[in-house]
Number of protein chains: 2
Amino acid sequence: MSTRTDAPTRREQILKEAARLFAERGFHGVGVDEIGAAVGISGPGLYRHFPGKDAMLAELLVGISGQLLTGAKQRLKEADGVAPGVVLDSLIEGHIDFALDDRPLITLHDRELDRLRDSDRKLVRQLQRQYVELWVGIVREVYPDLGEPAARSAVHSVFGLLNSTPHLGRAGSLPGRGATAELLHRMARGALAAAGA
Amino acid sequence: MSTRTDAPTRREQILKEAARLFAERGFHGVGVDEIGAAVGISGPGLYRHFPGKDAMLAELLVGISGQLLTGAKQRLKEADGVAPGVVLDSLIEGHIDFALDDRPLITLHDRELDRLRDSDRKLVRQLQRQYVELWVGIVREVYPDLGEPAARSAVHSVFGLLNSTPHLGRAGSLPGRGATAELLHRMARGALAAAGA
DNA sequence: CAGGGAGGTTAGCGGTCGTTAACCTGATGG
DNA sequence: CCATCAGGTTAACGACCGCTAACCTCCCTG
């Protein structure tokens with residue numbers, strides 16, 4: 001499992017705060033001085049850790065896409081031979097965990113992609129595409145009547161459903177993390193079941 | 001019905017192009033010169049039609065929220081006495097029409113709200129809240145076992161599902177508008193049915 | 001036919017923002 | 001004990017951007 005207990009490095013602090021600020025006010029809406037202030041240093045001090053503001057966004061987005069993909073691949077590998085429906089449940093669970101634990105990153109994920117340099121954007125798009133195709137494969141195993149274009153549309157729509165977590169009461173008005181996760185899971189399965197008919 | 005056939009006014013041209021540009025590159029990522037160029041005039045000419053860049057965004061967001069709400073109220077009124085399931089279908093259909101016909105606006109809707117002046121933002125939030133509550137009421141009629149917080153979460157998630165249209169192949173890779181609308185509709189019903197169990 | 005408003009134009013101001021330059025400081029290791 | 005270097009600091013530059021000023025040109029109307 002290797003859950004980290006060490007103190008976060010300065011670089012990680014910066015990335016975390018930058019993600020939060022970018023998600024709140026948009027990439028262009030946040031100045032480097034604000035990011036610096038959020039970690040207790042001021043403005044240009046950030047350039048000791050990153051070559052520029054763009055690089056922070058790039059590292060965040062590549063990191064998100066890579067994490068989602070490798071997590072899914074891991075779950076795929078661990079569940080070898082089990083029923084495809086169970087594998088699908090595992091994928092859904094992984095995505096929900098991510099959406100609930102890293103809301104700012106989920107927000108950035110589909111909001112600021114176009115602010116990247118061409119090469120970075122291509123990389124992120126490629127990782128995203130792999131992730132989608134992995135889902136499409138499993139979904140079509142569970143619902144063989146679903147054509148490939150329809151399955152892809154359905155998967156994107158389920159992502160929309162699962163990524164709605166930032167809109168669910170910023171305050172603690174929602175009925176606890178576990179119940180929310182379970183509700184989202186049921187809805188995702190219900191949506192996919194309805195798609196495959 | 002009053003479907004418009006007249007030529008769009010300059011103001012409407014500007015709003016449409018501004019919506020597209022804001023959705024593509026973010027509010028802060030678009031300059032007034034670009035908006036002007038998109039309608040064939042240049043930069044400061046926009047100030048003959050709007051008091052500022054903020055005002056364009058405000059009018060767009062208030063317009064979206066208002067249109068969604070009044071459309072839903074209309075559907076509610078027309079369907080008086082019919083089964084709540086049918087009313088829910090009508091709400092879903094209205095939302096899908098909007099999401100498919102005005103993708104840039106749907107994108108702006110949940111992306112640039114925080115760039116508004118306080119008063120405008122409050123207004124938009126109020127319209128959005130009314131829209132959500134209207135849905136929650138109908139959903140709870142159809143699925144009486146659903147508690148109010150769960151119903152609200154479910155509604156937000158269904159919005160996430162329906163608003164995923166911008167992510168469905170920008171090119172014509174998706175299987176036609178009618179089929180897409182039908183798929184989204186089925187998935188929304190499936191998700192809600194799964195939530196209410 | 002005068003004139004005035006609607007709807008453009010270009011020039012330019014003021015502020016903000018990303019980035020660089022130059023400098024400082026405390027820990028670290030030979 | 002001195003050299004080095006990681007990790008800060010402030011000052012300032014250059015570009016960009018929203019907006020205003022000043023001006024021009026139709027078109028419509030009394």
Side-chain angles (χ1 to χ4, degrees), chain A residues 6-62 104 108 111-121, chain B residues 6-62 104 108 111-121:
Chain A
D6 3 347
T9 72
R10 181 48 43 107
R11 253 182 83 84
E12 290 168 330
Q13 286 182 46
I14 294 171
L15 283 175
K16 185 182 163 196
E17 293 303 308
R20 185 179 55 81
L21 289 168
F22 289 160
E24 279 175 10
R25 299 212 287 283
F27 179 67
H28 291 295
V30 180
V32 291
D33 290 357
E34 298 178 74
I35 303 174
V39 297
I41 72 181
S42 222
L46 296 172
Y47 288 77
R48 299 286 165 192
H49 303 276
F50 296 92
K53 192 184 165 194
D54 303 347
M56 301 180 207
L57 182 64
E59 187 158 332
L60 284 171
L61 292 187
V62 173
L108 286 186
R111 190 170 294 196
E112 307 284 357
L113 181 58
D114 301 321
R115 271 52 126 194
L116 255 51
R117 285 174 31 228
D118 269 27
S119 62
D120 289 324
R121 187 170 56 244
Chain B
D6 5 344
T9 73
R10 174 68 16 126
R11 253 181 139 265
E12 291 167 330
Q13 286 181 45
I14 294 171
L15 283 175
K16 184 181 162 197
E17 294 302 309
R20 185 179 55 81
L21 289 167
F22 288 161
E24 279 175 9
R25 300 213 284 285
F27 178 68
H28 291 297
V30 180
V32 291
D33 291 355
E34 299 178 73
I35 304 175
V39 297
I41 73 182
S42 223
L46 296 172
Y47 289 77
R48 299 287 164 191
H49 304 274
F50 295 92
K53 192 184 162 193
D54 303 346
M56 302 180 207
L57 182 64
E59 187 158 331
L60 284 171
L61 292 187
V62 173
L108 286 186
R111 191 170 293 197
E112 308 285 355
L113 181 59
D114 300 321
R115 270 51 126 196
L116 255 48
R117 284 174 32 227
D118 270 28
S119 62
D120 290 324
R121 188 171 54 245

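On a predicted model such as this, the values are computed, not experimentally measured, just so you know. Quick note on labels: first sequence line is chain A, next is B, and so on, each numbered from 1.
- One atom, CD of B:Gln13, and another, C1' of C:dG8, lie 14 Å apart when rounded to the nearest Å.
- Nearest-nucleotide positions on DNA chain D for A:Gly45 and B:Val30 put A:Gly45 closer to the 5' end.
- B:Asp33 has its CG atom 13 Å from the C1' atom of C:dT9, to the nearest Å.
- Nearest to the side-chain atoms of A:Arg48 among the listed nucleotides D:dG7, D:dT20, D:dT10 stands D:dG7.
- Atom CZ of A:Phe27 is separated from atom P of C:dC17 by 13 Å (rounded to the nearest Å).
- Contact check, A:His49 against D:dG8: a side-chain N or O comes under 4.0 Å of OP1 or OP2.
- A:Lys16 has its side chain out of reach of A:Gln13: every pair of non-hydrogen atoms, C-beta onward, lies at least 4.5 Å apart.
- Nearest heavy-atom pair, B:Glu12 versus B:Thr9, reported as atom, atom and distance to 0.1 Å: OE1-N, 2.9 Å.
- Rounded to whole Å, atom C1' of D:dC17 lies 13 Å from atom CZ of B:Phe22.
- The nearest whole Å value for the distance from the CZ atom in A:Phe50 to the P atom in C:dT20 is 15 Å.
- In this structure, of D:dG8, C:dT20, D:dC19, it is D:dC19 that holds the atom nearest to the side chain of B:Lys53.
- Here D:dG7 presents its C1' atom at 17 Å from CD of A:Glu12, a figure rounded to the nearest Å.
- Residue A:Val39 is classed as having no contact, given no heavy-atom separation below 4.0 Å to the nucleic acid.
- Residue contacts shown for A:Gly31 are limited to sugar-phosphate atoms, with no base heavy atom under 4.0 Å away.
- Across all strands shown, B:Gly43 has no heavy atoms under 4.0 Å from either base or sugar-phosphate atoms.
- Across the protein-nucleic acid pair, A:Leu57 atom CG and C:dC17 atom P stand 17 Å apart, rounded to whole Å.
- If you check D:dT20, D:dG8, C:dG18 against the side chain of A:Arg10, the one that comes closest is D:dG8.
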Could you tabulate the donor-acceptor pairs under 3.5 Å formed by side-chain atoms of residues 43-62 of chain A, not counting sequence neighbours?
{"from": "A:Lys53", "atom 1": "NZ", "to": "A:Phe27", "atom 2": "O", "distance (Å)": "2.9"}
{"from": "A:Lys53", "atom 1": "NZ", "to": "A:Val30", "atom 2": "O", "distance (Å)": "2.9"}
{"from": "A:Glu59", "atom 1": "OE1", "to": "A:Arg11", "atom 2": "NH2", "distance (Å)": "2.6"}
{"from": "A:Glu59", "atom 1": "OE2", "to": "A:Arg11", "atom 2": "NH2", "distance (Å)": "2.6"}

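- Rounded to a whole Å, the OH atom of B:Tyr47 is 19 Å from the C1' atom of C:dA6.
- Nearest to the side-chain atoms of A:Ile41 among the listed nucleotides D:dG8, C:dT10, D:dT20 stands D:dG8.
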